[in-house]
Protein chains: 2
Amino acid sequence: MANNVIQLDRIFAALADPTRRAIVMRLCDGEASVGELADPFDMALPSFMKHIHVLEMSGLVQSEKAGRVRTCRLRPEAMVGAEDWLQHQRAIWEARLDRFEAYVMKLKKEKTERPAPKRPSAPKKGKA
Amino acid sequence: MANNVIQLDRIFAALADPTRRAIVMRLCDGEASVGELADPFDMALPSFMKHIHVLEMSGLVQSEKAGRVRTCRLRPEAMVGAEDWLQHQRAIWEARLDRFEAYVMKLKKEKTERPAPKRPSAPKKGKA
DNA sequence: CCTATAGTTAGCGTCATGGCTAACAATGTA
DNA sequence: TACATTGTTAGCCATGACGCTAACTATAGG
């Protein structure tokens, strides 16, 4: 319970940094060594490693060392927690909103369908 | 561009705090004054006001003052940015996962004896 | 006018974050 | 064995986050 909350804290905090979001994006393309990940960034390695560490603490990233190379990969399950929280809030909001206002609906129409996740637990927000 | 990124920073950072998430949840139920919002929290008002301010800077919350009462309401459009980012990453991940599975299928077809890893890893790291 | 209510401003302490350098493993490779 | 690569540890600094109290402003109500 409280554990979950803390994990949400960590996930959102991890994603609040552009360097770390970039790392996550990069890892969506496949696993990579620390060196490969660090390459695009103009940052000393120890600083960079701290970001990796924050991502690992959040559960978003997992890494293991083979020889002298540490390989990192994404753990997208972790992201689901944050995603669900957001979707849940919006669901509540929209339910409430339906009683008297419609402008967010218009907003969402402008957004026109982001792709429906095929993730099992996705509530699918069936566009009520 | 960079502006969006900064806004993402702020939104995720705002959501990284349990007090602020609780405020957002509360506001999903409808607008409320600062005092009403602060009531459940064992926190001095000035501290609490900082949270409100962070939420406003992130765009998640909007407030206006009438008389001596400041009323806050949610601006869920702001949340959509974060939600989209997460969904987008997961979409990329899943697309990659599909490619990977296809790759493994191919591998298995070519070398019938090779076992498929249960966990996705990069089919090929660019940067040979 | 006087007082209670509702926020606000100012200022402080402490800890976390994000960056750095320098020096140290540990592992491949010639 | 010696050298280069790849991370890692330790320690420093500046800034920001998050909490507090005290004192202040501005309305609402009696």
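Naming convention: chains lettered A, B, ... in sequence-line order (proteins, then strands); numbering from 1 in each chain.
- In terms of heavy atoms, B:Ala32 sits closest to B:Leu27 at N-CD2, 4.0 Å.
- When rounded to the nearest whole Å, the span between CD of B:Glu56 and P of C:dG7 equals 13 Å.
- Proximity of B:Ser47 to the phosphate of D:dC20: a side-chain N or O atom is located under 4.0 Å from OP1 or OP2.
- Going from atom CG of A:Asp17 over to atom P of D:dG16 covers 14 Å, rounded to whole Å.
- Between B:His53 atom NE2 and D:dC18 atom P the separation is 13 Å, expressed in whole Å.
- Distance from the side chain of A:Met49 is smallest for D:dT8 among the nucleotides D:dT8, C:dG19, D:dC20.
- The phosphate of D:dC18 has OP1 or OP2 within less than 4.0 Å of a side-chain N or O from B:Arg20.
- Whole-Å rounding puts the A:Glu36 CD to D:dT5 C1' distance at 14 Å.
- When each of A:Glu56, A:His53, A:Glu31 is tested with A:Ser63 by the rule side chain to side chain donor-acceptor pair (under 3.5 Å), just one qualifies, namely A:Glu56.
- From A:Arg90, atom CZ reaches atom CD of A:Glu94 across 4.5 Å, with rounding to the nearest 0.5 Å.
- An OP1 or OP2 oxygen of C:dG19 is reached within less than 4.0 angstrom by a side-chain nitrogen or oxygen of A:His51.
- Atom CE in A:Met43 sits roughly 15 Å away from atom P in C:dT17 (whole-Å rounding).
- For the pair B:Arg96 and B:Trp93, the cation sits on the ring face: its NZ or CZ lies under 6.0 Å from the ring centre, inside 45° of the axis.
- Residue A:Phe12 contributes atom CZ, which lies 18 Å from atom C1' of D:dA17 at whole-angstrom precision.
- Contact annotation: B:Arg70 side-chain N/O to C:dT8 OP1/OP2 distance is under 4.0 Å.
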Show each protein N/O and nucleotides 10-15 of chain C N/O combination with a separation under 3.5 Å, one pair to a line.
none

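- When the C1' atom of C:dA16 is taken as reference, atom CZ of A:Arg10 falls 13 Å away, rounded to whole Å.
- Using a 4.0 Å heavy-atom criterion, one finds that B:Ser33 contacts the sugar-phosphate atoms exclusively.
- Sequence order on DNA chain C of the closest nucleotides to B:Gly35 and A:Val54 puts B:Gly35 first from the 5' end.
- Both B:Lys65 and A:Arg68 lie near DNA chain D, and the one whose nearest nucleotide falls closer to the 5' end is A:Arg68.
- Counting all heavy atoms, side chain and backbone alike, B:Met57 lies closest to B:Arg10 at O-CD, 3.7 Å.
- Of the inter-residue distances, the one linking A:Trp85 atom CH2 with B:Leu86 atom CG reads 12.0 Å to the nearest 0.5 angstrom.
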Checklist line | Stepwise side chain to side chain contact (heavy atoms under 4.5 Å, CB included) test for A:Met25 and B:His88 | finding: CA-CA 10 Å; A:Met25 289 191 275; B:His88 183 64; over 6 Å; no
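- We find that CG of A:Leu15 is positioned 14 Å from P of C:dT17, with the value rounded to whole Å.
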